[in-house]
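Only one structure is covered here, and it is reproduced in the block below.
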Number of protein chains: 2
Amino acid sequence: MKLPVPRQRPPVPVRSANGRSPATVRRLPILSDVARQAEVSLTTASRALDPDSDHPVSERTRARVVAAATRLSYRPNPMARALRTRRVPTIAIVVHDVSDPYFAEIVRGATAAASVRGFLTVVCSSDRDPATELRYVEMLCESRVSGVIFAGGGLEEAHYHRSMSGYARSIAHYGGAIVALAPRSERWPAELPDNQGGARMVTEHLVSLGHSRIAMISGPATLRTSRERELGYAQAMKAAGLETSIVRADFTVGGAAKAIARLLRSDSPTAVFAASDTMALGALSELRRSGIDVPDDVSVAGFDDIPGLEFMHPALTTVRVPMAELGAAGVARLLRQLDGKDTATRTQIHPVQLVVRESTGRLGGARGAV
Amino acid sequence: MKLPVPRQRPPVPVRSANGRSPATVRRLPILSDVARQAEVSLTTASRALDPDSDHPVSERTRARVVAAATRLSYRPNPMARALRTRRVPTIAIVVHDVSDPYFAEIVRGATAAASVRGFLTVVCSSDRDPATELRYVEMLCESRVSGVIFAGGGLEEAHYHRSMSGYARSIAHYGGAIVALAPRSERWPAELPDNQGGARMVTEHLVSLGHSRIAMISGPATLRTSRERELGYAQAMKAAGLETSIVRADFTVGGAAKAIARLLRSDSPTAVFAASDTMALGALSELRRSGIDVPDDVSVAGFDDIPGLEFMHPALTTVRVPMAELGAAGVARLLRQLDGKDTATRTQIHPVQLVVRESTGRLGGARGAV
DNA sequence: GCAATCACGGAAATCCATTTCCATTTCTGT
DNA sequence: ACAGAAATGGAAATGGATTTCCGTGATTGC
């Protein structure tokens with residue numbers, strides 16, 4: 001008959017006197033090693049090292065434990081801690097495309113804000129594919145991230161809404177938080193740029209330059225961001241007593257180029273407002289290809305103020321969206337929710353700012369006339 | 001005397017007949033719920049659900065367990081699993097700046113490749129600050145991510161190297177993997193673009209256009225990427241029997257603009273090779289400001305082929321670096337290391353490709369002469 | 001002087017899936 | 001028919017930190 005031998009982990013050898021670790025180190029120190037070194041119980045060691053424990057620990061004891069922890073260069077095992085506290089110090093951000101400068105800036109702001117609060121950020125780039133996005137969200141659900149930021153708008157697809165709201169419920173169920181950074185049909189807490197106001201501002205700017213045939217190239221009608229920007233454009237046009245003209249295309253450079261070509265054949269506008277800088281880039285490119293000067297023949301304005309375009313020629317007039325700030329605000333919101341002290345309104349609108357550069361000018365080409 | 005009452009979790013109520021969950025659901029199902037439903041032990045339930053368990057489970061039993069799991073919509077708790085297996089299905093990528101298109105593309109490739117293998121990707125953007133990067137790496141260490149990809153080169157700083165190699169050791173110690181996507185002093189497995197070859201190619205291209213005063217604006221000498229590109233440039237110049245002229249600046253638009261201004265005062269080159277597209281953008285911008293035509297007066301070439309610049313005017317001649325592919329290769333490499341079957345050479349070089357567009361032309365302005 | 005509090009520390013339960021070790025059966029081969 | 005192997009399932013240990021519940025001694029209150 002075999003006697004049950006109580007298995008016990010061999011103790012971690014203490015750093016030897018010469019300061020170098022002995023060759024026998026084979027595992028990372030755990031809390032019980034610290035407790036043994038400090039000659040206290042596991043419980044006390046845990047409490048001594050937890051800065052916001054409400055259980056009192058005498059200073060002498062705490063000092064002993066901290067000393068032992070330092071000596072062993074102890075680091076709490078995050079998996080064990082996560083298992084117990086049911087919370088990982090990780091959030092996620094879901095974007096349509098990380099390499100789109102708009103989202104890249106948001107990600108930059110979000111990751112920076114998260115890291116100063118001790119959170120890591122998982123980035124999920126859906127490539128605008130509903131199935132990919134859903135797969136990501138499922139992975140996020142299963143990994144029980146503390147919260148998810150949806151930076152892009154919802155995608156149009158049969159399954160999408162049903163599945164997404166299922167996942168959202170599941171996230172809420174385990175105590176995770178959700179924040180949106182673009183208008184969506186789901187009623188999630190949101191930090192949004194003032195799309196409508198910005199579009200109004202830029203349209204008014206074009207009107208004030210004397211333009212009356214101002215066309216807009218917008219993104220797909222299914223994206224609420226497009227719709228909000230269209231709304232602002234329509235408001236400003238109506239206020240000025242002008243006819244609107246909207247052409248829709250993909251939210252890409254190529255899409256915008258095609259849209260412009262169509263526009264030139266039909267309306268021959270003197271000013272074009274593109275619903276995003278990316279589209280404005282496509283417009284500029286196509287106009288140049290057609291031998292049309294910007295801004296002398298046609299003015300072009302964009303939206304977002306993605307970095308880099310200020311160095312183009314002509315530098316793009318646009319609306320500055322505080323993208324990094326939006327990402328940071330999303331994180332702040334998420335963490336407030338997790339702390340249970342999110343008392344703010346559910347949707348927070350962030351102001352945007354008109355940035356006038358070279359791609360818009362007076363009707364008739366003021367520069368040429370000077 | 002109090003009797004020790006065996007505390008037991010209340011069982012999860014089974015989905016009621018009407019298909020909706022009863023209001024009493026308050027916790028997620030765990031494996032023991034599945035086991036109870038299927039009337040098997042915890043062990044068997046675990047094995048039945050683990051597709052690559054080597055312990056045999058009869059088909060009948062497995063079917064019962066799977067059915068129970070489905071009925072309860074059971075999802076294994078990732079923290080418990082991670083604690084036991086000592087491995088989280090998460091990798092990390094450290095970049096200098098996520099909103100720099102070069103890194104954004106790499107991140108896109110990496111996250112996509114990771115997700116198809118079931119890994120999430122944490123993104124860390126150091127903003128080129130050694131302290132920030134080190135803080136991130138410490139967080140990554142503590143969170144025991146499976147592997148870390150360093151997309152950018154090492155940063156110059158006193159602490160940096162010592163601390164970084166300490167963290168690297170620590171990562172290796174817990175079984176994590178490391179891969180670099182830029183040349184670094186640390187001897188880590190690497191997937192690198194052919195910086196030297198690309199620089200040679202683009203320089204030869206400029207030579208073949210008849211230029212002889214070809215200057216290079218490079219990044220800081222501390223970045224090995226700059227140095228490799230300088231080396232390729234120098235080789236090609238030497239082969240053509242030409243004098244080299246290198247000006248160093250920050251790896252930014254602004255830095256390049258300043259460098260160009262300096263260059264114009266001293267050397268008056270007829271062609272400029274910028275060590276990155278970002279710098280080329282600065283060069284183009286500054287040249288235009290100075291009233292110098294590209295390519296008629298001066299040819300400009302870049303490196304990287306970041307998206308968007310093909311729509312500029314003039315469209316930039318550059319060297320295409322397969323950034324997304326690099327990111328994906330990094331992930332593949334990382335996972336191979338984790339599987340212990342990384343038999344390839346330690347450094348893998350990825351070929352690059354010259355992309356001739358409009359910003360380079362024959363000496364003297366061929367276009368004007370036609 | 002006696003009860004009620006407080007300060008402090010510890011044993012054991014808990015989080016939940018995986019894995020080791022063993023105990024049955026049920027085949028094999030001879 | 002019987003030793004040995006294979007197939008199958010279970011009890012319990014494991015991973016490591018947090019937290020609940022309790023016990024002791026010291027202090028305060030009246």
Side-chain angles (χ1 to χ4, degrees), chain A residues 1-9 12 27-36 38-62 64-65 69 72 74-89 142-144 174-175, chain B residues 1-2 4-9 12 27-36 38-65 69 72 74-89 142-144 174-175:
Chain A
M1 175 186 170
K2 257 200 211 160
L3 282 178
V5 179
R7 266 168 293 187
Q8 198 182 339
R9 305 185 71 172
V12 155
R27 66 178 180 77
L28 266 37
I30 62 179
L31 188 56
S32 60
D33 296 323
V34 176
R36 190 176 323 116
E39 295 180 297
V40 297
S41 74
L42 210 55
T43 317
T44 305
S46 174
R47 292 201 274 242
L49 295 176
D50 180 0
D52 38 44
S53 159
D54 49 354
H55 195 94
V57 173
S58 73
E59 266 321 308
R60 258 190 71 255
T61 311
R62 183 189 308 279
R64 274 224 316 287
V65 174
L72 296 172
Y74 165 76
R75 299 268 173 237
N77 181 312
M79 292 115 166
R81 165 177 273 167
L83 175 60
R84 185 63 234 230
T85 63
R86 309 151 148 277
R87 175 165 296 191
V88 284
E142 295 200 7
S143 76
R144 308 277 217 286
Y174 71 69
Chain B
M1 175 186 170
K2 256 200 213 161
V5 180
R7 266 169 294 187
Q8 197 182 338
R9 306 185 71 174
V12 156
R27 68 176 178 78
L28 265 37
I30 62 178
L31 188 56
S32 61
D33 297 323
V34 175
R36 194 179 317 116
E39 295 179 297
V40 296
S41 75
L42 209 57
T43 316
T44 305
S46 174
R47 292 201 274 238
L49 294 176
D50 180 359
D52 38 44
S53 158
D54 50 354
H55 196 92
V57 174
S58 74
E59 266 321 308
R60 256 189 74 254
T61 311
R62 184 191 305 280
R64 275 225 313 288
V65 174
L72 297 172
Y74 165 75
R75 297 267 173 242
N77 181 313
M79 292 114 167
R81 166 176 274 167
L83 175 59
R84 187 64 233 240
T85 64
R86 310 156 147 274
R87 174 164 296 190
V88 285
E142 295 201 8
S143 76
R144 307 276 217 286
Y174 72 68

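In what follows, chains are A, B, ... by sequence order, proteins preceding strands, each numbered from 1.
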Taking atom [atom2] of [N] as reference, at what distance in whole Å does atom [atom1] of [X] sit?
| X | N | atom1 | atom2 | result |
| --- | --- | --- | --- | --- |
| Y174(A) | dC16(C) | OH | P | 15 Å |
| E142(A) | dC16(C) | CD | P | 16 Å |
| R144(B) | dA17(D) | CZ | C1' | 12 Å |
| R60(A) | dG9(C) | CZ | C1' | 13 Å |
| R75(A) | dG15(D) | CZ | P | 22 Å |
| I30(A) | dT18(D) | CD1 | P | 12 Å |
| R87(B) | dC16(C) | CZ | C1' | 20 Å |
| D54(A) | dT18(D) | CG | C1' | 12 Å |

Please determine if a side-chain N or O atom of Y74(A) lies less than 4.0 Å away from the OP1 or OP2 oxygen of dG16(D).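 For Y74(A), the contact criterion (side-chain N or O under 4.0 Å from OP1 or OP2 of dG16(D)) is not met.
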
May I ask you to evaluate whether R86(B) reaches the phosphate of dG15(D), defined as a side-chain N or O under 4.0 Å from OP1 or OP2?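 Answer no for this pair, as no side-chain N or O of R86(B) is under 4.0 Å from OP1 or OP2.
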
Does D50(A) or M79(A) map to a spot on DNA chain D nearer the 5' end, using the closest nucleotide for each?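 Its nucleotide being nearer the 5' end, the pick is M79(A).
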
Closest heavy-atom contact between M79(B) and A82(A)?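 Heavy atoms of M79(B) and A82(A) come nearest at CG-CB, 3.6 Å.
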
For the student: nearest non-hydrogen atoms of Y74(B) and I30(B), plus distance: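 It is CE1-C, 3.5 Å.
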
[atom1]-[atom2] distance between [X] and [Y], expressed to the nearest 0.5 angstrom:
| X | Y | atom1 | atom2 | result |
| --- | --- | --- | --- | --- |
| R75(A) | R81(A) | CZ | CZ | 11.0 Å |
| R84(A) | S46(A) | CZ | OG | 10.0 Å |
| L28(B) | R86(A) | CG | CZ | 8.5 Å |

Heavy-atom distance under 4.5 Å between the side chains of V88(A) and S143(A), does that happen here?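 No, side chains not in contact.
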
Taking the side chain as C-beta and beyond, is there a heavy-atom pair between V57(A) and V65(A) under 4.5 Å?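 V57(A) vs V65(A): side chains apart.
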
Taking N or O atoms only and anything under 3.5 Å, show me the protein contacts with nucleotides 24-28 of chain C, one pair per line.
none

Heavy atoms from C-beta onward define the side chain here; which of dA17(D), dG15(D), dT19(C) lies closest to that of L83(B)?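 The listed nucleotide nearest to L83(B)'s side chain is dG15(D).
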
Base dT14(C) to side chain R84(A), donor-acceptor N/O within 3.5 Å cut-off: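 Per atom types, the contact qualifies.
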
Heteroatom pairs (N/O) under 3.5 angstrom, protein to nucleotides 8-12 of chain D:
from	atom 1	to	atom 2	distance (Å)
dG9(D)	OP1	S58(B)	OG	3.4
dG9(D)	OP1	T61(B)	OG1	2.4
dG9(D)	OP2	S58(B)	N	3.3
dG9(D)	N7	R47(B)	NH2	3.3
dG9(D)	N7	H55(B)	NE2	2.8
dG9(D)	O6	H55(B)	NE2	3.3
dG10(D)	OP2	S41(B)	N	2.8
dG10(D)	OP2	S41(B)	OG	2.9
dG10(D)	OP2	T44(B)	OG1	2.6
dG10(D)	N7	R47(B)	NH2	3.0
dG10(D)	O6	R47(B)	NH1	3.3
dG10(D)	O6	R47(B)	NH2	3.1
dA11(D)	N7	T43(B)	OG1	3.4
dA11(D)	N6	T43(B)	OG1	2.8

Among residues at least two apart in sequence or on other chains, which ones pass side-chain hydrogen bond (donor to acceptor under 3.5 Å, both in side chains) with T61(A)?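 Here the qualifying residues are S58(A).
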
Using a strict threshold of under 4.0 Å (side-chain N to carboxylate O), is an ion pair present between D50(B) and R47(B)?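 Result for this pair is no, no salt bridge flagged.
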
